[in-house]
Amino acid sequence: MKTNYIDELNEEQRAAVLYNEGPSLVIAGAGSGKTRVLTYKIAYLLDNGYQPWNILALTFTNKAAREMKERIARQVGEERARRLWMGTFHSLFLRILHAEASLLGFTSHFTIYDTSDSKNLIRSIIKEMKLDEKVYRPGTVQARISNAKNHLVSPAAYATHREAYECDCAMGVPAVRDIYSRYWNRCRQADAMDFDDLLFYTFLLFRDHSDVLARYQAQFRYILVDEYQDTNFAQHSIVLQLAKEHRHVCVVGDDAQSIYSFRGADIDNILYFNKIYPEARLFKLERNYRSTQTIVCAANSLIEKNARQIRKEVFSEKECGEPIGVFQAYSDVEEGDIVVKKIRELHRDESCPYSDFAILYRTNAQSRIFEEALRKQGMPYRIYGGLSFYQRKEVKDAIAYFRMAVNPHDEEAFKRIINYPARGIGDTTVGKLIVAATEHHVSLWTVLGNPLAYGLNFNKGTVGKLQAFRELMTGFIADAFTRNAYELGVDIIRLSGMMNEIGQDSSPENLSRKENVEELVNGMNDFCQQRLEEGNNSWLLADFLSEVSLLTDQDSENDADGEKITLMTVHSAKGLEFMNVFVVGMEENLFPSGMVGDSPRALEEERRLFYVAITRAKKHCYLTYAKSRYRYGKMEFGCPSRFLNDIDSRYLALPRDAALRRKIDEHAGQVRLDTNRKTSLFSSSSQGNNRRSADVSSVPHRLKPLASSGKTSVSATSSAGIRLQKGQFIEHERFGRGEILNVEGDGDNSKATIRFENVGVKQLLLRFARFKIVEK
DNA sequence: ATATCAACCCTTTTT
DNA sequence: GGGTTGATAT
């Protein structure tokens, strides 16, 4: 399987792979084979004295990590690839934090609060402090706190941070520092960390425990970071902590694709990498293997308009290609029709499969129009983003039970389920519990254990109801660290009364809720099953939760069921490529977003976002805009985006309408380049970090059809007893067809190495694997 | 303690 | 346009 992979690289790529003596920065233009360099570099390191666990490879998404692991497995084998420390910052540091939690005053099974948990907690703190919710918007406050954490500013530091305080005062929210401090303590009380804490506490762990730091420094002898342009200060600092001694660090990224500053990402990390690591070698990958020359040139001419960047000359040696088509529509609906018509044309005339098409937009709200247009024509599509599976009410409810079984001190889970299903425990009672808990600095669960001891004298009825809830949960808690996630999960859903609640009537909404809960349960079954097969016995509820809490929509099994047109935001398209790309909604106030105001930095980020959009296209790229569209229920008239003007018109096929061309030109003067002013940490405008709420009912059910309840127990239907031989072919229930490469051990412990056609090489414990032997 | 209805904000992007 | 919140009534 091992090929002489070094020969497959071009000169620059090879140089980047082979240089491992000190820090290096690989600037990888769009489509320049970045992933290839990373995978080959890791394979090379493994071939040259590094053990898999010596390598820390940080990626932006779980999906990217998974795919890269698979590619590396093909070079060095599944077994070794699996032992790599490869994953997102959040998931790998979570692993470290689990192991070292006690040093930080947490248990090893602390909860992870998601964004909405954080916001709810902040909301209740604001209420408790009797502040005006209109002034102190939970979303805004959360963004401030998140920003502070991403800059490693603790509550204590924040309280004395003059600049931050002045900024808060200027925004009319001087109490943010008090909210922050309370929030911090409440999370600790609940044995919970939010997303940002996973980074912040990792930093603190390394800062305050030099022995621990030394241990991980010694282990991670080589550190690689993908998508470095999207790292924040905390991430940057942790990498620095780990790499400080050996300085074997390689960061890969493209400053032109830095698009996550709203989340704290700091493009300066990549722009000034050589200030931190003065001896760093710089490699530039400038040959684009993805797109036509026209697309590459158009993208270059666009990004040239940005001042803050590392200069590079991306070029393509593919065919010249067609100019980028620009279409105008009179309304958003017509825009949908135009795009759909064009897709049908290409599908018919050039026999492009539907999976070759992507419609990219700035905001999720735009998806609806295209969805409707496609549905009308009966064309297959898949929408990414929107309300994710794990954010649906019924799924969150179930997960809240799971969370509390694992960590009874979890305040947000407690509040969610104490009266769901209805048990007659109302807001007043819960309010009293919260006040008592906060006063005594203990968790809600602790107060529940003995309300009287905390000065709560409930009437008899209430005491009984609280008691019943406590006993229900005590049962789950007792099982949480012995029974497997699936079996316990099923019991919890049944015994908690959730299933009855949902199963009440068969209204369509309830039906869909039921399906979602069943889907969750099936997912837990798969999870346990997979762990068993791989001989990994981390199949507790706690293990399931820590895996699930860092998953996003993008990570869900992409069971490429057939060819479908892809609809997604430009952000989520990062790292992907399509034969044909439509970038829609090219209008002022939409793309660039109206939020940029007069900030040159923000405008440059929007321009980079547009750059990302265009460079997803391999062959055809189209830009569309509408003269009018519905927004907030009102008709609005817009004008073409100034970005249309940033692209050299040689590469565009503009609409013929002269008046429209003039309209585009009018905006030419508006582009102002950055003045190199560095925005301060705390003065950037806050982003109301409201979780968007898409219309669930309109999102087609993208989840796998329910496996009917045939699976009752995790270990019930394995294929034990079947004798396997090298060279045979099998059909695995989940992984599909594969060839047996090797079989070791015998009886209960026999283990097979199998190369699957779709998912690569895997090792499975035959005792648990579910498959059948098939003909070649 | 729940159900219903009217204001109300809102739409940037997500690990 | 639509989903969430807050005030009412039962």
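Residue numbering restarts at 1 for every chain, and letters A, B, ... go by the order of the sequence lines.
Along DNA chain B, the nucleotide nearest A:Gly594 and the nucleotide nearest A:Thr88 are compared for position; the residue whose nucleotide lies closer to the 5' end is A:Gly594. Taking for each of A:Thr428 and A:Glu605 the nucleotide of DNA chain B with the nearest heavy atom, the 5'-most of the two is the partner of A:Thr428.
Residues that satisfy the salt bridge (charged side-chain N to carboxylate O under 4.0 Å, His left out) test with A:Asp410, not counting sequence neighbours, are A:Arg403. Residues that satisfy the side chain to side chain donor-acceptor pair (under 3.5 Å) test with A:Thr624, not counting sequence neighbours, are A:Glu335. Under the ring-ring contact (aromatic ring centres under 6.0 Å, His included) criterion, A:Tyr420 pairs with no residue at all, not counting sequence neighbours. For the salt bridge (charged side-chain N to carboxylate O under 4.0 Å, His left out) test, residues two or more places apart in sequence or in another chain that qualify with A:Glu577 are A:Arg290, A:Lys618. Under the side-chain contact (heavy atoms from CB on, under 4.5 Å) criterion, A:Ser546 pairs with A:Leu94, A:His98, not counting sequence neighbours. For A:Lys432, the side-chain contact (heavy atoms from CB on, under 4.5 Å) partners are A:Leu456, A:Phe458, not counting sequence neighbours. Here A:Gln235 pairs with nothing under the side chain to side chain donor-acceptor pair (under 3.5 Å) rule; sequence neighbours left out.
Taking the six-membered ring for Trp and thresholds of 30 and 60 degrees, A:Tyr201 and A:Phe106 have ring planes more than 60 degrees apart, a perpendicular arrangement.
Contact between the side-chain N/O atoms of A:Thr569 and the OP1/OP2 oxygens of B:dT14 is found at a separation under 4.0 Å. In this structure, A:Ser593 does not reach the B:dT11 phosphate: none of its side-chain N or O atoms is under 4.0 Å from OP1 or OP2.
Rounding to whole angstrom units, CD of residue A:Gln229 and P of B:dT13 are separated by 20 Å. Between the P atom of B:dT14 and the OH atom of A:Tyr260 lies a distance of 6 Å, rounded to the nearest Å. As a whole-Å value, the separation of A:Phe89 CZ from B:dT14 C1' is 16 Å. Here the C1' atom of nucleotide C:dG2 and the CD1 atom of A:Ile369 are 14 Å apart, to the nearest Å. Atom CG of A:Asn120 is separated from atom P of C:dT4 by 12 Å (rounded to the nearest Å). Taking atom CG of residue A:Leu590 and atom C1' of nucleotide B:dC10, one finds them 15 Å apart after rounding to whole Å. A:Leu199 has its CG atom 13 Å from the C1' atom of B:dT14, to the nearest Å. The nearest whole Å value for the distance from the NZ atom in A:Lys574 to the P atom in B:dT15 is 10 Å.
The side chain of A:Asn364 lies closest to B:dT14 when the candidates are B:dT11, B:dT15, B:dT14. Looking at the side chain of A:Tyr632, the nearest of the listed nucleotides B:dC10, B:dA1, B:dT13 is B:dC10. Side-chain atoms of A:Glu133 lie closest to C:dG6 of the nucleotides C:dG6, B:dT14, B:dT13.
Each of A:Phe195, A:Trp184, A:Phe93 was scored for a ring-ring contact (aromatic ring centres under 6.0 Å, His included) with A:Phe200, with one residue passing: A:Trp184.
Backbone-only engagement by A:Phe60 is indicated by non-hydrogen atom pairs under 4.0 Å involving sugar-phosphate atoms exclusively. Residue contacts shown for A:Ser91 are absent, as no nucleic acid heavy atom lies under 4.0 Å away.
For A:Phe262 and A:Tyr260, the gap between ring centers is short of 6.0 Å.
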Table of protein N/O atoms under 3.5 Å from nucleotides 2-9 of chain B N/O atoms:
{"residue": "B:dT2", "atom": "OP2", "partner": "A:Asn419", "partner atom": "ND2", "Å": "3.2"}

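In DNA chain B, the stems built from three or more successive Watson-Crick or G-U pairs (distances below 3.5 Å) are B:1-9 with C:2-10.
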